[in-house]
Amino acid sequence: MIERISSGGPWEEAFGYSRAVLAGDMAFVAGCTSVVDGEVVHVGDAYEQARTAFQVALWSLERLGLSAKDVVRTRMYVTGAEHAEAVGRAHGSLFGDVRPASSLLLVAGLIDPRMLVEVEVDAYAGELLT
């Protein structure tokens, strides 16, 4: 069983991808940023951008019947080492009790230079399917 959802974001149709895909017992959420209603929010604030990006990802999981407690892996891409601590704190505020496997990586940049962080989330849907 494969289920795909869209958030209606500006790049999904143009670039040919889904916001999230449930494939068997795993759910994969595509890279999420702090874009809300087509606009980058919290410009200059890595903590709030990360929280917003993770909230977009969690909203996507909720549409698949999952929640933060089902998250098993996260990836955080930040545009500078100076943002790592703030992004890590944002991750901890949402996943501190869940403690998924995680990576925080430095990247040269994102599609919009106002974006400081992009996140990906993978979740296990096994309990949902049983």
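Side chains are part of it too, since the values below use all heavy atoms of this structure and drop only hydrogens, waters and symmetry mates.
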Check: Taking atom types as modelled and ignoring hydrogens, do the side chains of E12 and S18 form a donor-acceptor contact shorter than 3.5 angstrom?
Finding: no
Item checked: Check: Q49 side chain, R114 main-chain N or O, donor-acceptor pair, under 3.5 Å -> yes
Notebook entry, point to check: Going only through I, L, V, M, F, W and Y residues with side-chain contacts under 4.5 Å, is there a path from L58 to V87?
Noted result: yes
Check: Would you say the side chain of Q55 lies within less than 4.5 Å of the side chain of C32, judging by non-hydrogen atoms?
Finding: no
Check: Rounded to the nearest 0.5 Å, what separation is found between the CZ atom of F54 and the NE2 atom of H91?
Finding: 4.5 Å
Notebook entry, point to check: How about Y77 and E120: does a side-chain donor come under 3.5 Å of a side-chain acceptor?
Noted result: yes
Check: Which heavy atom of V121 sits nearest a heavy atom of A57, and at what distance?
Finding: CG2-CB, 3.7 Å
Notebook entry, point to check: How many angstroms lie between atom CG of D25 and atom CG of D70, to the nearest 0.5 angstrom?
Noted result: 11.5 Å
Notebook entry, point to check: So how far is it from M76 CE to L106 CG, rounded to the nearest 0.5 Å?
Noted result: 11.5 Å
Notebook entry, point to check: Rounded to the nearest 0.5 Å, how far does CG of L64 lie from CZ of F28?
Noted result: 11.5 Å
Notebook entry, point to check: Taking it one step at a time, do S102 and F95 satisfy side chain to side chain contact (heavy atoms under 4.5 Å, CB included)?
Noted result: CA-CA 10 Å; S102 187; F95 299 105; over 6 Å; no
Item checked: Member of T33, L110, V35, T52 meeting the side-chain contact (heavy atoms from CB on, under 4.5 Å) criterion with V40 -> V35
Note to self: Are the side chains of V21 and I2 in contact, using a 4.5 Å heavy-atom criterion?
What the structure shows: yes
Margin query: One pair to check against side chain to side chain contact (heavy atoms under 4.5 Å, CB included): T74 and V119. What are the steps and the verdict?
Written below: CA-CA 7 Å; T74 60; V119 303; over 6 Å; no
Check: Is a side-chain donor or acceptor of R4 paired with a backbone partner of Y17 at a separation under 3.5 angstrom?
Finding: no
Next item on the list: Just do the side chain to side chain contact (heavy atoms under 4.5 Å, CB included) check on H83 and V117 with the steps written out, would you?
Entry: CA-CA 8 Å; H83 306 305; V117 61; over 6 Å; no
Notebook entry, point to check: Do you reckon V43 sits in the same ILVMFWY cluster as L116, going by side-chain contacts under 4.5 Å, direct or chained?
Noted result: no
Next item on the list: Step by step, work out the side chain to side chain contact (heavy atoms under 4.5 Å, CB included) result for Y124 and L66.
Entry: CA-CA 8 Å; Y124 177 66; L66 301 168; over 6 Å; no
Check: Between D122 and R75, is there a side-chain N and carboxylate O pair less than 4.0 Å apart?
Finding: yes
Checklist line | Atom pair OG/CD1 of S60 and I5 - distance to nearest 0.5 Å | finding: 4.5 Å
Next item on the list: Evaluate the side-chain proximity of F15 to I111: yes if any heavy-atom separation is below 4.5 Å, no if none is.
Entry: yes
Note to self: Using 0.5 Å steps for rounding, measure from the OG1 atom of T79 to the CG atom of L105.
What the structure shows: 12.5 Å
Margin query: Is the shortest side-chain heavy-atom distance between S34 and R51 below 4.5 Å?
Written below: no
Margin query: Can you confirm whether L61 sits close enough to V71 that some side-chain heavy atom of one is under 4.5 Å from a side-chain heavy atom of the other?
Written below: yes
